[in-house]
Colleague: 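Have a look at this one before I ask anything.
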Amino acid sequence: MGDLRPHPVTGEVFDSPVPPGTGWPGDPATPDTPVAHTAGEVRRLAATAEDTTELDARVSVCRACRRLVRWRESVAREGRRAAFADQPYWGRPGPGFGDPEADVLVVGLAPAANGTNRTGRIFTGDRSGDWLYAALHRAGYASQPGSWASGDGQSLRGMRIVAAVRCAPPENRPTPDERETCGPWLDRELVLAAPRLRSVLALGAIGWEATLAGARRAGYEVPRPKPRFGHGAEAQLATPEGRPVRLVGSYHVSQQNTFTGKLTEAMLDDVIARL
Ligand code: SF4
């Protein structure tokens, strides 16, 4: 421990990156949570996670992608944005967030270096998250219109948010290998959700592709040829038990879409209403 800073909600001090099980709000892991160091260990630990609590814990300590581990931890130690220089950085993968009994899943791309990688909660502490949670609040899924820090009181009802890749990648671009290595965490999410899943909102083409690939590996029926991504695109999947699941595509809530008007609030509200 050497770089202790106070959490913006609790005031408790933490090192960056945050060691598992040290009291960070919402940290799903303990010091005993098994750590994946290779793609094979990701597959094994994902496939044996019994529920989303265990899955979140294992995701949150994963170290299988060397480039991403180096990047997320270097941002946490040295690369903080000036506005957050006085805060501790999570510096670990972003676990899923939301209702363990959710019948709706949201699949994003990957954490942001100064968003989830700082706050420890997916889509939290950046402009993308401001957009997403505001829309989810309007639709009745989120308890608060904003999500700025773990421990801020935000909660989701009937929905869980996950990502195709769980570590912040340099320039928001995970490599194909990193996407493949991280895939089993999403596969398991889809297996665990299958008994009640009703719909999935895929954010961006990568969220869409990851959902289709994960659903196929998880034993879902996926249409062939593969449905094409677009804003408002829809595809009908079926769980291994044959229950229909609606996949809806949306442009990602990244600033390059929301600042330019490519994605408007009305467009986002419209796709969320279809879930
Ligand atoms: Fe693990 Fe996924 Fe992060 Fe790779 S991107 S280290 S598989 S959590």
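All ligand and atom numbering here is 1-based and tracks the order in the structure. If you're wondering where the values come from, they're calculated on a predicted model, not measured in any experiment. Numbering of residues begins at 1 and proceeds along the displayed sequence. Keep in mind that the numbers below use all heavy atoms, side chains included, and drop hydrogens, waters and symmetry copies.
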Colleague: Checking side-chain polar atoms at under 3.5 Å, does Thr258 have a donor or acceptor matched by the opposite partner on Arg127?
Modeller: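 The criterion, which ignores hydrogens and geometry beyond distance, is not satisfied for Arg127 and Thr258.
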
Colleague: Listing residue and atom name, which protein N/O/S atoms are closer to atom 1 (Fe) of ligand 1 than 2.8 Å?
Modeller: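 Near atom 1 (Fe) of ligand 1, below 2.8 Å, one finds Cys62 SG.
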
Colleague: I'd like to check the side-chain contact (heavy atoms from CB on, under 4.5 Å) partners of Cys167; sequence neighbours left out, ordered by chain and number.
Modeller: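 If we apply the side-chain contact (heavy atoms from CB on, under 4.5 Å) test to Cys167, skipping adjacent residues, the hits are Leu68, Arg72, Pro93.
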
Colleague: When you check the side-chain N and O atoms of Ser150 and Arg121, is any donor under 3.5 Å from an acceptor?
Modeller: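 Note: Ser150 and Arg121 side chains miss the donor-acceptor criterion.
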
Colleague: Only pairs at least two apart or in different chains count here, so list each side chain to side chain donor-acceptor pair (under 3.5 Å) that has a residue in residues 98-109.
Modeller: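 Qualifying pairs: Asp103-Arg198.
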
Colleague: Just jot down the ligand 1 atoms closer than 4.0 angstrom to any heavy atom of Val165, in number order.
Modeller: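 Checking each atom against Val165, I get 5 (S).
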
Colleague: Return the orientation label for the Phe14 and His7 ring planes: parallel under 30°, perpendicular over 60°, tilted otherwise.
Modeller: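 The rings of Phe14 and His7 stand perpendicular, inter-plane angle above 60°.
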
Colleague: Less than 3.5 Å apart, which donor and acceptor atoms pair up between the side chains of residues 244-256 and the rest of the protein, not counting sequence neighbours?
Modeller:
unit_1, atom_1, unit_2, atom_2, d
Arg246, NE, Glu234, OE1, 3.4
Arg246, NH1, Arg274, O, 2.8
His252, ND1, Ser254, N, 3.1

